[in-house]
Structures are given as structure tokens and as C-alpha cells.
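One structure below.
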Amino acid sequence: MMYRIAKLVLVLLTICSSSAQNKSDKKPNIVLLFADDISARELPIYGSSVWSKPIKSGGKDINSSNKAYRAFTPNLDRLAKEGCFIETTFAATICGPSRAMMMTGRYAHLHKWWHNKDKGKNPKGKNGWDLFESSPHTIAHVAKKGGYASFWAGKTQMNISGFPFDEGCFTPGEGSYNKAIHTTDFRLEKKKGDKKIYNADTGKPLPFKSYVQSGWYWKPHVQLMNHPDSKQKMEWWPNNKTSEKEFGLNTYGPDVELKFTFDFMERKAKEDKPFFIYHTSHLGHDAFDFFYPNSQNKWPGTPKIHWDGKKYIRQEPNITGDNGVYDTHNSITEQGIHHHVNYLDYQVWQYLNKFKELGIENNTIFIFCADNATSGYGKSSPVSQKGTHVPFIIYAPTLNITKHGKQKVLANISDVLPTIADIAGVKIPSDYEINGESLLPFLTTDRKEHRQWIYGYHMDKTIIRGNLVLKGGNGKWYDVSKTPNDLISFPEIRDWSKVTEAHRKQRDELKKIIPKYDLHATAHDAPKGGYGKVAPLEIK
């Protein structure tokens, strides 16, 4: 009898051990929250002495040390301390090229997205070489090869047709930038033969400069891709009686994105399938404020939230009116980028709660970063690193990372793709050029350095730095051996005899690197015939 009991216990222990082993071998979920137009200095964890204040479009004095305009990010702060954050991460200076860098792991000398309105011709002679054509091993392809279900939420700013994401929720919906749709009239548009910009909500021309846009914050243009309840691949939302009844002035685009993202996560968790979330939030980006159509301030208010020390409490918006005349009943915040950063922290808190609810909090990697610097401060600026310096936080309990808190190393957003490939067990062909470097060896070992240099660009201007010197797109060199309080006021090097030999040596090393990527003048467009056949991705 005792023998049978002992044997039974042994069998049970073996089963439990096997189950635990299988669980630990399960690929971790990955959530990448890619914010819009947010400099590293806007996050308190970076310790800058200045940040951006609410300011009208065209304003020059955007710097502030006023704590009333300081973002409050308890959840991002916690993830940065329990995980880690990179002191100096580079992107490109503006969104399109940065998103190209993120999605391909490559620089513009390959994908040819030099600027939003400066893209190299494709091999067929037309403008705009789609990323999945110039760089067929995108972040979506890597995730798919690694066995991940994938979801793209938020901003796209590109042709989405060739990316193998399984589902998506886009705000604004695809192709709605200058088209009337049946769900909302929150849109700035041009009329044929007229150079003026019109507010479709009022039918009146704008009295100040702006750009054509569909609403992505309040009463947004929302389009679903491949949702299981949809009747077609791309479908406008609201798409049924219940959602049509709920949709209106109080509908906030970032909330809609998260609702459908969580719906996807729940379904995949039930299927026991790892997922990759590519959440390209609009939060941080300026926009026309339809509730205050005469205001030129950059950042429309968000729903009000309050952190009580343990949880967020969100106040339900109460907005009434129509045709440009609205009453928010003091139910949303004032304008300002700090409120956008606060709301991102609220969404991070929601993500963490959802992970816990689904039982995946210890097997999910969370990455937070941004595409370029803050509008009005550094966005589209080639000066020093004003346009390229973005936040980067990674929280990965499943990786048992060896790095915690601030890491005084260099990183680039192109590093995300090879990092995900490493995590997913995907091998990128050796003859397929990737400019990013996987962060995994740095995060999980005793390595002190990640990269020796990082690169950004602004059209034809190169921005490159090491740990001692930086060459700005303005052609000036800076001593970056010490980080100033405002993260940007590096002393310009005018006399190289007054810096160390190590500074001069690094300058010479960077000068040798620049010609490989500085091809705007000599190889602006795609080569005829493209890059030829590309070897497929493989599983390691």
C-alpha cells in the first residue's frame, strides 16, 4: 500500500514538474506601447529640470519648470525601476521615418523613408516604397514567424496591406484623413479648388494654420481589421446597435483602442496562444481641438483621472453640444502634453491589471517608447539630439533581467525588432541587413555596454553619437560625456585640442561610420529591381 502511495506521489510530482517546465518554456507575450511625439524629458523618471508647457501652435517658449505642467507617472516610474530604462535612446526626428525604423529595424539608407514628405521612389518609379516591400522582414513578420498572434492598435501612417498582423483597431480609420464617413464629422478637410482648411463639424474655414486630419481623440474615426464579429476585413466602428448607442462626444479614441486590444488579449489567453501587441498610440501628438475650435493650443484635454496611491479613478466625461459649440461641464482636463503622458500612465496601469486578471503578469514583456521628440520643442529638429532623444522602458519579469533602474547606455528604436526576434526564437538571415542590435544580451547578462554608437536622421542630415561625442544634424559636434540637467545643453566642441584624446578618437570613429548611412544625395531612391530575393526567416 505504501509503495502504491509513494508511486502515486512520484507520478504527481513528475506531472507537476513537467507542467511547470512547459509553462516556463512558453513564449512570453509582448506588448509594445509606442507613444507619439514625446521627448524623454517629459517623463519624470528621466529627471529633466525642464519639460513642455501647454502652448499655442507656433509658440517658441515651450520650456517650463512649473510643476503644474509636470506629468505624473507612478506606473511608468515603477516599471522603470523594477525593470529598467535606457538613459539615451535615439529615434529619427519625425514620425514616419521613426515608425519605419521601428517596424523594419533598419535605417533610411535601406527603407528610403527620409522624412514624412521625403520618401524615395520605389523600383517601379512611384513615390513611397512600402516598408513591407523594401524590408520584407518587418516586426509583424518576425512575430508571425515566432508563433505569435498579433494586434495593431492606434496610428498607422502607412499602407497596412502587406503587414501580417492578425487584427487591428485603427484611430483614425484607414483612408479617412480627407473623407467623410458615416460615424463622425470631427474632421479637418480641404475642398476642391480651395486652399483653405475647413472644420467639417462647423462647415467653416479655420482662421489659423493647421493641416488636414481626421479626429483620433474625441468622437474618433475608428476602423476595425479582421475582428471576429465584423462582416468584412475593414469595418467602420461603431458597427452594431449597442456600439452606435454608446458612441458620441464622450467616446475617447485611446479608450477604444484599449478596449479592442484587451478583447484580443482575452481571446488569445483563452486559446493559450502568445500574443504581440503593437500599440501605436496617438497620445502625445498635437491635434485640432473640436471642443474649442478657436483655440490653437496643441494638445486637447483627456478624460480626468486621479491616482489615489494604489489605483486610478477615471471620471466619466460629460460633453454636450454640436456644430462647434460644446460644453464639457468641466469633465475633461485642460490642454497640455502632461495630461497626455498622465493618460498613458493610466493606460499602463490598465495593462498591468489586465495581465494580472488573465494570469499572465509574470509571462508578459512590456516595452514603452516614443517615435520622436515633443512638438514645438524637438520634433523635426536636427539640432544636437533634441529631435531624436526619446524614452525607453522595458519591464520583463519573465526574462529575469539583470539590469534595473536607469541604464547609462545607448540604444536605438531599431533595436526593438531584433530583440523581439531573439525573444521569439526567430533567426534573421545573416545576409539580410538589420541595423538594430538585440537588447537581450545586455538585459540578461553582466554586460556593461549595449551599443558603442547610435544613429538618427532628419532628411539629409545625420545625427550620431557615442558616449563621449555627438554630431548633430546641424553639423556641430558636442561633448556628451556628462548629461546636463535639461538633458540637452551639451557644450559644443569648437576647439578639439581642449578635449581628451578619447573624444577625438571617438569623433574619428563616428566619421568613418557616417558615409554608410548618409546616402540621401547619392542613393535617395530604391535601386532598380529592388534588393532582389531575400532568404526567409527561420526558427532558431
Side-chain angles (χ1 to χ4, degrees), residues 33 35-36 151-156 167-177 179-189 199-202 213-225 227 229-230 234-264 279-293 295 299-305 312-335 339-340 342-344 346-347 349-351 354:
L33 178 49
D36 208 347
F151 191 88
W152 187 358
K155 181 177 181 177
T156 60
E167 296 180 34
C169 172
F170 305 121
T171 56
E174 285 299 296
S176 67
Y177 275 94
K179 293 180 181 178
I181 62 172
H182 69 282
T183 63
T184 173
D185 56 7
F186 275 22
R187 186 180 72 260
L188 298 186
E189 60 184 5
N199 179 355
D201 184 40
T202 64
Q213 60 185 268
S214 298
W216 51 76
Y217 289 130
W218 298 99
K219 201 180 178 185
H221 295 229
V222 180
Q223 199 166 29
L224 305 179
M225 181 179 74
H227 191 274
D229 294 338
S230 296
M234 303 296 296
E235 184 169 278
W236 291 107
W237 181 90
N239 56 356
N240 55 46
K241 290 183 179 180
T242 301
S243 56
E244 286 170 0
K245 185 177 180 180
E246 295 173 350
F247 182 81
L249 295 174
N250 296 317
T251 304
Y252 192 56
D255 291 336
V256 178
E257 294 167 7
L258 214 57
K259 170 187 174 182
F260 284 102
T261 299
F262 286 177
D263 169 65
F264 177 83
H279 186 173
T280 50
S281 176
H282 281 92
L283 284 164
H285 199 289
D286 60 16
F288 181 76
D289 195 333
F290 289 93
F291 295 152
Y292 299 95
S295 170
W299 301 282
T302 75
K304 287 186 174 181
I305 52 175
Y312 272 110
I313 301 168
R314 178 183 181 275
Q315 178 180 330
E316 281 297 318
N318 177 25
I319 305 161
T320 57
D322 201 359
N323 301 323
V325 181
Y326 296 99
D327 188 346
T328 65
H329 301 282
N330 196 33
S331 66
I332 65 174
T333 69
E334 296 176 345
Q335 297 161 327
H339 289 302
H340 284 220
N342 293 348
Y343 211 78
L344 281 165
Y346 165 64
Q347 292 203 319
W349 175 76
Q350 289 180 288
Y351 266 117
K354 181 57 68 171

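Just so it is clear, the model here is predicted, and its values are computed rather than measured. Along the sequence shown, the residues carry numbers beginning at 1.
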Looking at side-chain heavy atoms only, is the closest gap between [X] and [Y] below 4.5 Å?
X: W218; Y: P303; answer: yes
X: T333; Y: Y343; answer: no
X: E316; Y: S331; answer: no
X: T302; Y: Y346; answer: no
X: D185; Y: K219; answer: yes
X: P220; Y: F170; answer: no
X: E167; Y: L224; answer: no
X: S281; Y: L33; answer: yes

For the residue pair [X] and [Y], what are the closest heavy atoms and their distance?
X: D36; Y: H285; answer: OD2-CD2, 3.2 Å
X: I332; Y: K304; answer: O-CE, 3.3 Å
X: E334; Y: H339; answer: O-CD2, 3.0 Å
X: F186; Y: T184; answer: N-OG1, 3.1 Å
X: E235; Y: S230; answer: OE2-OG, 3.3 Å
X: G321; Y: L249; answer: O-CD1, 3.4 Å

Salt bridge (charged side-chain N to carboxylate O under 4.0 Å, His left out): which pairs involve residues 238-249, sequence neighbours left out? none

Sequence neighbours excluded - salt bridge (charged side-chain N to carboxylate O under 4.0 Å, His left out) pairs with any residue from residues 251-262: D255-R314

Run the numbers on T261 and C169 for side chain to side chain contact (heavy atoms under 4.5 Å, CB included), then give the verdict. CA-CA 8 Å; T261 299; C169 172; 5.9 Å; no

Sequence neighbours left out, what passes side chain to side chain contact (heavy atoms under 4.5 Å, CB included) with [X]? Give chain and number order.
X: N199; answer: L188, D201, T202, L206, F288, F290, P293
X: H329; answer: N318, T320, D327
X: P300; answer: Y217, A287, D289, H340

My understanding is that only residues two or more places apart in sequence, or in another chain, count here; which of them pass side chain to side chain donor-acceptor pair (under 3.5 Å) with D322? none

Would T183 and W237 count as having a side-chain donor-acceptor pair, cut-off 3.5 Å? no

Flag for N239-H227: side-chain donor and acceptor within less than 3.5 Å: no

Donor-acceptor contact present, side-chain [X] to main-chain [Y], <3.5 Å:
X: W152; Y: T280; result: no
X: N250; Y: I319; result: yes
X: Q223; Y: E174; result: yes

Can you check whether F262 and Y351 have ring centres sitting under 6.0 Å from each other? yes

